[in-house]
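What you see below is based on every heavy atom in this structure, not just the backbone, and it leaves out hydrogens, waters and symmetry mates.
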Amino acid sequence: MSRILIIEDDLQMLEMLRHSLKRQGYDVIGTLNGDEAMVLYQKMEFDLIITDLFLPDTQGLEIILKLRKEGNLKIIAISGGLGSLEMARRMGAHSSFSKPFSLNELSTAVKELLRDEYI
């Protein structure tokens, strides 16, 4: 089972994403801030990270840079700012979504990024 970490400071959005992905059979862990996300990342293995770009502590772009240095981890960036999404893709995010986005489109991107994980 693929494990996904969601980093989103909006609790309602975090719970919606977590619930949606859990229903699809993923092991999903969510956190409201980047500092806690990096602690979780050091303790556990994740197959995919979904991160908001504007967080109250560590910014999503910093998280993407740190994670890309660690290896080829799959990353999806989400944000309300279009310019920051382009920067996230340049920094290594595999996919990005502008809020509000379709859960179906996000689900498709997750499936595509994780399809080879356990074959």
Side-chain angles (χ1 to χ4, degrees):
M1 175 185 311
S2 295
R3 182 176 291 152
I4 300 171
L5 175 61
I6 302 172
I7 312 161
E8 170 58 66
D9 63 328
D10 178 328
L11 182 58
Q12 185 175 6
M13 173 71 87
L14 175 63
E15 289 302 316
M16 178 184 65
L17 294 173
R18 203 166 64 86
H19 179 72
S20 175
L21 292 168
K22 276 189 174 217
R23 279 193 0 224
Q24 295 173 51
Y26 299 109
D27 180 14
V28 183
I29 297 173
T31 181
L32 295 167
N33 66 69
D35 291 340
E36 183 179 348
M38 294 311 293
V39 170
L40 287 168
Y41 177 76
Q42 297 303 322
K43 291 181 180 179
M44 306 172 80
E45 289 189 29
F46 293 95
D47 301 298
L48 174 72
I49 307 282
I50 299 172
T51 185
D52 187 6
L53 295 181
F54 297 104
L55 299 165
D57 54 0
T58 306
Q59 293 302 306
L61 293 175
E62 281 182 59
I63 292 169
I64 291 170
L65 282 175
K66 288 177 186 176
L67 294 174
R68 294 302 292 159
K69 288 179 183 176
E70 298 283 328
N72 194 27
L73 184 66
K74 308 285 195 284
I75 302 169
I76 296 176
I78 57 176
S79 178
L82 294 175
S84 56
L85 289 173
E86 178 59 35
M87 180 65 71
R89 284 189 297 275
R90 280 193 237 139
M91 293 177 146
H94 293 84
S95 187
S96 63
F97 291 90
S98 177
K99 294 177 185 177
F101 51 83
S102 158
L103 287 177
N104 288 336
E105 289 177 5
L106 179 69
S107 175
T108 298
V110 167
K111 286 177 190 170
E112 287 177 9
L113 287 171
L114 295 177
R115 97 178 108 196
D116 296 329
E117 288 298 312
Y118 294 102
I119 294 177

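- Listed by chain and number, the residues in a side-chain hydrogen bond (donor to acceptor under 3.5 Å, both in side chains) with Asn104 amount to none (sequence neighbours excluded).
- Ser98 and Gly80 get closest at one heavy-atom pair: OG-O, 4.5 Å.
- Taking the salt bridge (Lys or Arg N to Asp or Glu O under 4.0 Å) definition, one finds that Glu15 meets it with Arg18, sequence neighbours left out.
- A single hydrophobic cluster is not seen to contain both Val39 and Ile29; linkage of ILVMFWY side chains at heavy-atom distances under 4.5 Å, directly or through other members, places them apart.
- Partners of Leu21 by side-chain contact (heavy atoms from CB on, under 4.5 Å), not counting sequence neighbours, listed by chain and number: Ile4, Ile6, Gln24, Tyr26, Val28, Ile50, Val110.
- Listed by chain and number, the residues in a side-chain contact (heavy atoms from CB on, under 4.5 Å) with Arg90 are Glu86, Met87 (sequence neighbours excluded).
- Tracing side-chain contacts under 4.5 Å through hydrophobic residues (I, L, V, M, F, W, Y), one reaches Met16 starting from Ile78; they form part of the same cluster.
- By the salt bridge (Lys or Arg N to Asp or Glu O under 4.0 Å) test, Asp27 is found to be paired with Arg3, residues two or more places apart in sequence or in another chain being considered.
- Taken to the nearest 0.5 Å, the CG atom of Leu5 stands 4.0 Å off from the CD1 atom of Ile49.
- Looking at residues two or more places apart in sequence or on another chain, you find a side-chain contact (heavy atoms from CB on, under 4.5 Å) between Thr58 and Asp35, Glu62, Ile63, Lys66.
- Two residues are said to be in side-chain contact when any heavy atoms from C-beta on lie closer than 4.5 Å; Leu61 and Leu53 meet this criterion.
- In the hydrophobic cluster analysis, where Ile, Leu, Val, Met, Phe, Trp and Tyr join through side-chain heavy atoms closer than 4.5 angstrom, Leu113 is grouped together with Leu103.
- In this structure Lys99 satisfies the salt bridge (Lys or Arg N to Asp or Glu O under 4.0 Å) test together with Glu8, Asp52, sequence neighbours excluded.
- Here Thr108 pairs with nothing under the side-chain hydrogen bond (donor to acceptor under 3.5 Å, both in side chains) rule; sequence neighbours left out.
- Going from atom CD of Glu112 over to atom CD1 of Ile76 covers 9.5 Å, rounded to the nearest 0.5 Å.
- Atom CG of residue Leu114 and atom CE of residue Met1 lie 12.5 Å apart, to the nearest 0.5 angstrom.
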Would you please test Asp9 and Leu14 for side chain to side chain contact (heavy atoms under 4.5 Å, CB included) and show each step? CA-CA 7 Å; Asp9 63 328; Leu14 175 63; over 6 Å; no
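- Between Gly34 and Asp57, the shortest heavy-atom contact is N-OD1, 3.0 Å.
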Take Ser2 and Leu48 through the test side chain to side chain contact (heavy atoms under 4.5 Å, CB included) and record every step on the way to the result. CA-CA 8 Å; Ser2 295; Leu48 174 72; over 6 Å; no
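- Residues forming a side-chain hydrogen bond (donor to acceptor under 3.5 Å, both in side chains) with Ser95 (at least two apart in sequence, or on another chain): none.
- When all heavy atoms are compared, the tightest approach of Gly60 to Leu55 is N-CD1, 4.2 Å.
- Partners of Glu36 according to the side-chain hydrogen bond (donor to acceptor under 3.5 Å, both in side chains) rule, which considers only residues two or more places apart in sequence or in another chain, are Thr31.
- Every residue two or more places apart in sequence or in another chain that forms a ring pair (Phe, Tyr, Trp, His ring centres under 6.0 Å) with Phe101 is listed here: Phe97.
- One hydrophobic cluster holds both Met44 and Leu73 under the rule that ILVMFWY side chains link at heavy-atom gaps under 4.5 Å.
- The two residues Arg68 and Met91 have their closest heavy-atom pair at CG-O, 3.5 Å.
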